[in-house]
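Notes follow the structure.
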Amino acid sequence: MTRPPTIHDVAAAAHVSHQTVSRVLNGATNVRPTTRARVQQAVHALGYVRDDHAAALARRRRIHAADDALAWVCDGLDASAEQRR
């Protein structure tokens with residue numbers, strides 16, 4: 001059984017980075033029309049289907065990473081305020 005195509009497969013077929021494929025799939029406006037067309041053609045030719053579960057997991061990882069960074073900064077600010085007292 002063959003595996004379904006990935007965003008990396010689409011990127012290789014369109015001769016772009018996986019980040020560019022992601023931008024096209026997410027509807028970003030900062031992609032040239034010729035590049036967007038190439039990516040969309042590769043998506044169609046390979047039969048790429050976005051895995052919504054994987055996308056949700058990736059979003060959650062980014063949110064948790066941002067929460068961790070914010071907590072680290074806030075902890076540092078709290079410690080700094082305590083030292084000034």
Side-chain angles (χ1 to χ4, degrees):
M1 185 161 116
T2 61
R3 66 174 175 73
T6 67
I7 193 170
H8 295 277
D9 298 327
V10 173
H15 303 287
V16 297
S17 69
H18 69 276
Q19 293 97 332
T20 299
V21 174
S22 178
R23 286 185 196 104
V24 170
L25 295 175
N26 289 317
T29 58
N30 61 337
V31 180
R32 290 184 180 146
T34 54
T35 302
R36 181 178 304 281
R38 238 179 25 243
V39 170
Q40 290 170 336
Q41 182 182 13
V43 165
H44 180 71
L46 294 173
Y48 174 79
V49 177
R50 185 179 201 151
D51 184 343
D52 290 332
H53 296 291
L57 286 173
R59 272 192 304 278
R60 245 180 273 146
R61 275 195 304 269
R62 285 193 301 269
I63 289 169
H64 289 303
D67 287 345
D68 292 345
L70 183 59
W72 180 79
V73 168
C74 290
D75 287 346
L77 292 174
D78 289 343
S80 181
E82 287 294 320
Q83 289 176 353
R84 286 192 296 256
R85 291 184 187 165

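Only a predicted model underlies this, so the values are computations on that prediction, with no experimental measurement involved. Counting from 1, the numbers follow the sequence of the chain as shown.
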Item to complete: Step through the shown structure and confirm whether more than 12 heavy atoms of other residues, nucleotides or ligands are within 6.0 Å of CD on Gln19.
Response: yes

Item to complete: Please step through side chain to side chain contact (heavy atoms under 4.5 Å, CB included) for the pair Val31 and Val16, ending with a clear verdict.
Response: CA-CA 11 Å; Val31 180; Val16 297; over 6 Å; no

Worksheet, complete the sentence: The reported gap from CD in Gln40 to OH in Tyr48 (rounded to nearest 0.5 angstrom) is 13.5 Å

Fill in: Atom pair CG/CD1 of Leu46 and Ile7 - distance to nearest 0.5 Å
12.0 Å

Discussion item. His15: which residues meet the side-chain contact (heavy atoms from CB on, under 4.5 Å) condition with it, sequence neighbours left out?
Written reply: none

Practice prompt. Please report the shortest heavy-atom distance between Ala11 and His18, naming the atom on each side.
Written response: CB-N, 3.7 Å

Practice prompt. Please report the C-alpha distance between Asn26 and Arg50 in whole Å, then the side-chain angles of each, then the deciding distance to 0.1 Å, and finally whether the side chain to side chain contact (heavy atoms under 4.5 Å, CB included) criterion is met.
Written response: CA-CA 11 Å; Asn26 289 317; Arg50 185 179 201 151; 2.7 Å; yes

Practice prompt. Keeping to residues at least two apart or across chains, list the salt bridge (Lys or Arg N to Asp or Glu O under 4.0 Å) pairs with something in residues 7-34.
Written response: Arg3-Asp9

Response to the item:
Tightest non-hydrogen contact, residues Thr29 and Arg36, listed as CA-NH2, 4.1 Å

Item to complete: Indicate yes or no: at least one non-hydrogen side-chain atom of Thr20 is less than 4.5 angstrom from one of Ser17.
Response: yes

